[in-house]
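Heads up, the thing below is written out as structure tokens.
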Amino acid sequence: MNATTLTSVAATGVVDLETRLALADAAMNVRLEQAGLAFEVNTAHLPAAEPILPGPLTPAPPAPAPAEYATPIAAVLQRALNRLKEAGWCTGQYRDEQGALCLAGAIRAEAGGGSVAGAACQFLLEVIQQQFTAAETLPSWNDAQIGPEIPLRILGQAADQAAASGI
């Protein structure tokens, strides 16, 4: 608020909006300064508090690995491989009590069923039969394995071959 404003208020006796806002601003500044001083006086005897640090940060769960392959069969086989690495591999059933899956179970879970799941299982069986000629079906070959190493390796090879074939 300046001298011209005070002169106009004294001469006319009317306070306009701008003048009222300036007066309210000045009054609030005075009140804020008084409150700040009162706070400093009232808390001067208190010891400084230790800063409150947050607890240990828990890392965010890892983001799902993106499919390395753009073709549908290769992508499903790659996702099934990643799922088996995370959830575990089993025999004798699609899924066991701990959540581990067989090869066909992992493929069906990742493909969501349908023709892509069937085509991926068929392609995986063909890759298996290239190395294990006695394999008749995907479930029977899966159940004949004694550990996850060979099924996971074959599943990775099938994903690579499917990508190379463009399927």
Side-chain angles (χ1 to χ4, degrees), residues 1-90 93-121 123-124 148-149 151-167:
M1 192 162 40
N2 56 32
T4 307
T5 306
L6 289 176
T7 306
S8 69
V9 169
T12 61
V14 179
V15 180
D16 63 347
L17 177 62
E18 195 171 306
T19 305
R20 286 185 286 169
L21 289 173
L23 289 171
D25 183 49
M28 287 303 295
N29 286 337
V30 169
R31 290 179 68 188
L32 286 172
E33 286 177 17
Q34 288 176 342
L37 288 173
F39 178 79
E40 288 179 15
V41 168
N42 292 335
T43 60
H45 68 285
L46 298 175
E50 293 292 322
I52 299 174
L53 300 175
L57 299 177
T58 57
E68 293 180 16
Y69 303 115
T71 58
I73 303 298
V76 166
L77 293 172
Q78 181 66 39
R79 288 195 311 267
L81 176 63
N82 292 337
R83 181 176 280 229
L84 286 176
K85 287 179 180 177
E86 290 177 15
W89 171 82
C90 71
Q93 53 195 342
Y94 279 119
R95 179 185 301 262
D96 69 6
E97 297 80 29
Q98 291 78 30
L101 297 158
C102 71
L103 289 172
I107 291 170
R108 292 186 193 287
E110 288 301 325
S115 63
V116 174
C121 286
F123 186 79
L124 178 58
E149 295 81 17
L152 293 178
R153 179 178 54 81
I154 295 290
L155 188 56
Q157 289 174 358
D160 293 340
Q161 287 182 20
S165 300
I167 60 171

Euclidean distance, [Y] [atom2] relative to [X] [atom1], rounded to 0.5 Å:
| X | Y | atom1 | atom2 | result |
| --- | --- | --- | --- | --- |
| E149 | W89 | CD | CH2 | 8.5 Å |
| L23 | R20 | CG | CZ | 10.0 Å |
| N42 | L37 | CG | CG | 10.5 Å |
| L103 | Y94 | CG | OH | 11.0 Å |
| C121 | R108 | SG | CZ | 4.5 Å |
| R83 | E86 | CZ | CD | 8.5 Å |

Apply side chain to side chain contact (heavy atoms under 4.5 Å, CB included) to the pair L21 and D25, showing each step before the final yes or no. CA-CA 6 Å; L21 289 173; D25 183 49; over 6 Å; no
Are I167 and T71 packed together at the side-chain level, in the sense that at least one heavy-atom pair is separated by less than 4.5 angstrom? no
Heavy-atom closest pair, residues [X] and [Y]:
| X | Y | result |
| --- | --- | --- |
| D96 | C90 | OD2-CB, 3.9 Å |
| L77 | A120 | CD2-O, 3.9 Å |
| A80 | L155 | C-CD2, 3.8 Å |
| I107 | A117 | CG2-O, 3.8 Å |
| F123 | A158 | CE2-O, 3.3 Å |
| G156 | L81 | CA-CD2, 3.8 Å |

